[in-house]
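Computed over heavy atoms, backbone and side chain alike; hydrogens, waters and symmetry mates excluded. Remember, predicted model here, so these are calculated numbers, not experimental data.
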Amino acid sequence: MKQLEQLIQISRKYGKDNRYVIAGGGNTSYKNTDQIWVKASGTSLATIAEDGFAVLDRKKLNVISEKTYSDNAAIREEEVKNDLAIACLTKDRRPSVETSMHNAMQASFVVHLHPTLVNGLMCSQHAEKEMIRLFGNEAIYIPYTDPGYTLFKEVENQINAYRKKYQKEPAILFLQNHGIFVGAETTAEIEAIYNRIIEKIEQAITNEIASDNPQPICTCVQNVIPAIRMMINPQTPPVLKIRNNARIEKFCSSDKEFAKIAIPFSPDIIVYCKSKYIYFDDEQPETLLVKAEKAINSYIEQNGYNPKVLLIKGIGLVAVGDHAANCDIILDVYEDMMKIAEIARSFGGEHPMTQAQIDFIDNWEVENYRRKVSAGSNSGRINNKTIIVTGAAQGFGEGIAKCLIKEGANIVVADLNKEIGTKTAEQLCRMAKNNQAVFVQTNVSDTESLQNLMHETVCHFGGLDVFISNAGVLRAGGLEEMTPENFDFVTKINYNAYFYCTQAASRVMKLQNKYAAENYCDIIQINSKSGLRGSKANFAYAGGKFGGIGLTQSFALELAPFRIKVNSICPGNFYEGPLWSDPENGLFMQYLHAGKVPGAKTVEDVRKFYMDQVPMRKGTNPKDVTKAVLYLIEQTCETGQAIPVTGGQVMLN
């Protein structure tokens, strides 16, 4: 149907533009004489397709307008929900609670959005007066009314009064502290109306709006945020994400500025951010943590749930999410509230919701349903754990990262290769559900680079649960061929860097576990079978790996009191990987040319020679190693171990 295609197109257009919609909010519809297609609850406009619309019988839907419902709000809303379900022809899709308002407007197409500029006007003290000044009688102003049936009846009454007074259909409904409805016979008319509305409001803004260009986040986050993460929920640590810019900095600068955004302006803010927020004005980490522990415990005790939004002077806006994707929504929605507060200054100042209005939204079943849908779910053995994998841009590290992202972890791809590392992180994100991956360019042999790695990890995910030291290099050669430069290079990456990484990672983990008495963290070195027995003409590599196991055992003893487990995994050869199988520079080819395998005349001869040494007749791949990684993470009684994953090629004595 042509009209449905147009509806999908305009829905996606506005749904992808955060100036009009955030977090998949808003709803759209098309109607003919008999039926109405309206966005299903929990569906995102940005990606909506035909199956994202609920279809309702308009004759049955009209019953809601004529029927008398209970005076009890909870009973009434349940009765209305049931009548919506009866009218719904697509039983697997719950229609938007605002369906009746779409039906009340006679226009074929109706688009309901929450544009930041519109809400800057609608969430202001002089909303009605300014709306009339800007738009005259071409629009209807709806004073704030609790969503659901009550709001529908208010809208219906206002529309009927408008028709009677002006003898025409209204095209625009402005809803105080809520948003806007625009109706027209074509989607082109809808777009033209929205363009005109936005232009008029833009021209009416008299004050300067702060920049939202990202600003650097204080390096002190490493000394604060991992601890706060555990204070909030030590049993199931949440994901925390930080954002900072000039606008955020301004509202974090004082109690006076915070007060302007301390009470929600609209229902959407309550759905995603809850209705109470915490502000800290102490910039010293030690005293901040003392205040934070007290404030967070008090918040949870009083409200019965964890805070979703923290504002910290000198750091910025902190989202506390059920998962990484949820954090992004919280940041976007709450920063949008900041923009609304700025715009509202041009129209008499902010107009927050009342406590009674907030309580209705907090307890309304419909909004609780939206919360549940937006929260989504991950299914995996390590949901929401934050894991750094060094050398993860390609090869073995990339393979491990791919396995872990499928298990629900947030992955930090730490690698020197920016181009490939960025692409790998993007690929991991496409594989993820509500978890995420980021790339941080890292030189594991440079302590400053590692400090930046910890900083970026904390800014993106709030802490660190597992550090996988996988980055390594190999320069084969006997005593006569090995140069001091190659020996030093291999040793610095395979041995020294493991120390540098453990030192940096353990600082974050110690801070976390200080505030979580039963939490465990992991440092896992991807070692090698060459760390368990010598390797001919490969002593630089084997020596570093042998030394790595010594570091593992020593680190394990030192970090055990902090509940940080330190273990090594010693894989066999990954014959399918590029290190071995590259047709030009792979080790099979190198060893053939170097004559390392006596009598070998082809690459297959070399391959057979090495495969014959493996009882299980297979190489070790990233999936094999990941199983050992998952075991180490899940257990709490194994530390200082070197676990062989070699197909039986190397066995422990």
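Relative ring orientation between His112 and Phe181 is described as parallel, the plane-to-plane angle staying below 30° on a 0-90° scale split at 30° and 60°.
The pair Asp57-Lys59 does not count as a salt bridge, with every side-chain nitrogen at least 4.0 angstrom from each carboxylate oxygen. Salt-bridge formation is not detected for the pair Glu342/Lys339: no Lys NZ or Arg NE/NH1/NH2 atom is positioned less than 4.0 Å from an Asp or Glu carboxylate oxygen. With respect to the salt-bridge test (charged N to carboxylate O, under 4.0 angstrom), the residues Glu156 and Lys153 qualify. Electrostatic pairing of Asp83 and Lys60 does not count as a salt bridge here, judged by no charged N lying under 4.0 Å from a carboxylate O. Contact check on Glu199 versus Arg196 returns no salt bridge, with no Lys/Arg side-chain nitrogen under 4.0 Å from an Asp/Glu carboxylate oxygen. Between Lys260 and Glu257 there is a salt bridge, since a side-chain N of the basic residue sits under 4.0 Å from a carboxylate O of the acidic one. Under the 4.0 Å criterion applied to side-chain N and carboxylate O atoms, Glu419 and Lys423 are assigned as salt-bridge partners. A salt bridge links Asp322 and Lys308; the closest N-O separation between the charged side-chain nitrogens and carboxylate oxygens is under 4.0 Å.
Side-chain atoms of Asn32 and Gln3 form no donor-acceptor pair, as typed in the model, at a separation below 3.5 Å. For the residue pair Glu130/Ser124, the side-chain donor-acceptor check at 3.5 Å is not satisfied. Between the side chains of Glu5 and Gln9, no donor-acceptor pair of N or O atoms lies under 3.5 Å. Side-chain atoms of Asn245 and Glu335 include a donor-acceptor pair closer than 3.5 Å.
If you look at Tyr30 and Phe53, their ring centroids are not closer than 6.0 Å. The distance between the ring centers of His351 and His126 does not fall below 6.0 angstrom.
Residue-environment remark: CD (Glu185) exceeds the threshold of 12 foreign heavy atoms within 6.0 Å. Other residues, nucleotides and ligands contribute over 12 non-hydrogen atoms within 6.0 Å of the NZ atom of Lys168.
In this structure, Phe347 and Gly120 approach most closely via the heavy-atom pair CD1-O, 3.9 Å. Between Asn384 and Asn410 the shortest heavy-atom distance is O-ND2, 3.9 Å. Listed here is the closest heavy atom pair of Leu428 and Ala437: CB-CB, 3.6 Å. Nearest heavy atom pair, residue Ala107 against residue Gly183, reads CB-C, 3.5 Å.
A donor-acceptor pair is defined here as one N or O able to donate and one able to accept, closer than 3.5 Å; such a pair exists between the side chain of Lys91 and the backbone of Ala85. Put simply, the side chain of Arg229 gets close to the backbone of Pro238: a donor and an acceptor are under 3.5 Å apart. Distance alone, capped at 3.5 Å, is enough to place a donor-acceptor pair between the Tyr272 side chain and the Ala23 backbone. Judged purely by atom type and a 3.5 angstrom limit, Ser253 uses its side chain to pair as donor or acceptor with the backbone of Lys250. Between the Asn177 side chain and the Phe265 main chain, a donor and an acceptor come within less than 3.5 Å of each other. In terms of modelled atom types and a separation under 3.5 Å, the side chain of Tyr20 and the main chain of Tyr194 share no donor-acceptor contact. With hydrogens and angles disregarded, no donor-acceptor distance shorter than 3.5 Å links the side chain of Tyr149 to the backbone of Ala73. Under a 3.5 Å cut-off, the side chain of Asn435 and the backbone N or O of Ala409 do form a donor-acceptor pair. Using modelled atom types, one side-chain atom of Arg12 and one backbone atom of Ile48 make a donor-acceptor pair closer than 3.5 Å. Between the side chain of Gln176 and the backbone N or O of Ile142, no donor-acceptor pair lies under 3.5 Å.
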Before giving the answer on salt bridge (Lys or Arg N to Asp or Glu O under 4.0 Å), spell out for Asp332 and Arg243 the whole-Å C-alpha distance, their side-chain angles and the decisive distance to 0.1 Å. CA-CA 10 Å; Asp332 288 345; Arg243 183 180 291 177; 2.9 Å; yes

Pair Met353-Ile270, side-chain contact (heavy atoms from CB on, under 4.5 Å): steps then yes or no: CA-CA 10 Å; Met353 297 170 68; Ile270 301 171; 3.8 Å; yes

Give the intermediate values and the outcome of side-chain contact (heavy atoms from CB on, under 4.5 Å) for residues Met431 and Lys406. CA-CA 7 Å; Met431 296 169 62; Lys406 292 177 182 177; 3.3 Å; yes

Starting from the C-alpha separation in whole Å, work towards a yes-or-no answer on side-chain contact (heavy atoms from CB on, under 4.5 Å) for Tyr334 and Met337. CA-CA 5 Å; Tyr334 199 82; Met337 180 173 166; 4.0 Å; yes

Report the C-alpha distance between Leu113 and Val118 in whole Å, list the side-chain angles of each, state the deciding distance to 0.1 Å, and finish with yes or no for side-chain contact (heavy atoms from CB on, under 4.5 Å). CA-CA 9 Å; Leu113 304 173; Val118 169; over 6 Å; no

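How far CD of Glu249 is from CG of Leu311: 12.5 Å, rounded to the nearest 0.5 Å. The NE2 atom of His114 sits 10.5 Å away from the CG atom of Asp336 when rounded to the nearest 0.5 Å. Note that OG of Ser346 and CD1 of Ile209 are 6.0 Å apart. Values are rounded to the nearest 0.5 Å. For the atom pair CD1 (Ile242) and CD1 (Ile225), the distance works out to 4.0 Å, reported to the nearest 0.5 Å. Distance SG/Cys459 to CG/Leu240: 11.0 Å, rounded to 0.5 Å. If you take CG on Asp328 and CD on Gln436, they are separated by 4.5 Å, rounding to the nearest 0.5 Å.
Lys31 meets the side-chain contact (heavy atoms from CB on, under 4.5 Å) test with Ile36, Arg58, Asn103, Val110; sequence neighbours excluded.
Using a 4.5 Å cut-off on side-chain heavy atoms (C-beta onward), Pro264 and Tyr277 make contact. Using a 4.5 Å heavy-atom cutoff, the side chains of Leu173 and Gln158 are not in contact. When side chains are defined from C-beta on, Met105 counts as touching Ile159, because their heavy atoms get closer than 4.5 Å. Side-chain contact between Glu98 and Ser29 is absent, with no heavy atoms from C-beta onward closer than 4.5 Å. Contact annotation: the side chain of Asn326 never approaches that of Asn434 to less than 4.5 Å [non-hydrogen atoms, C-beta and beyond].
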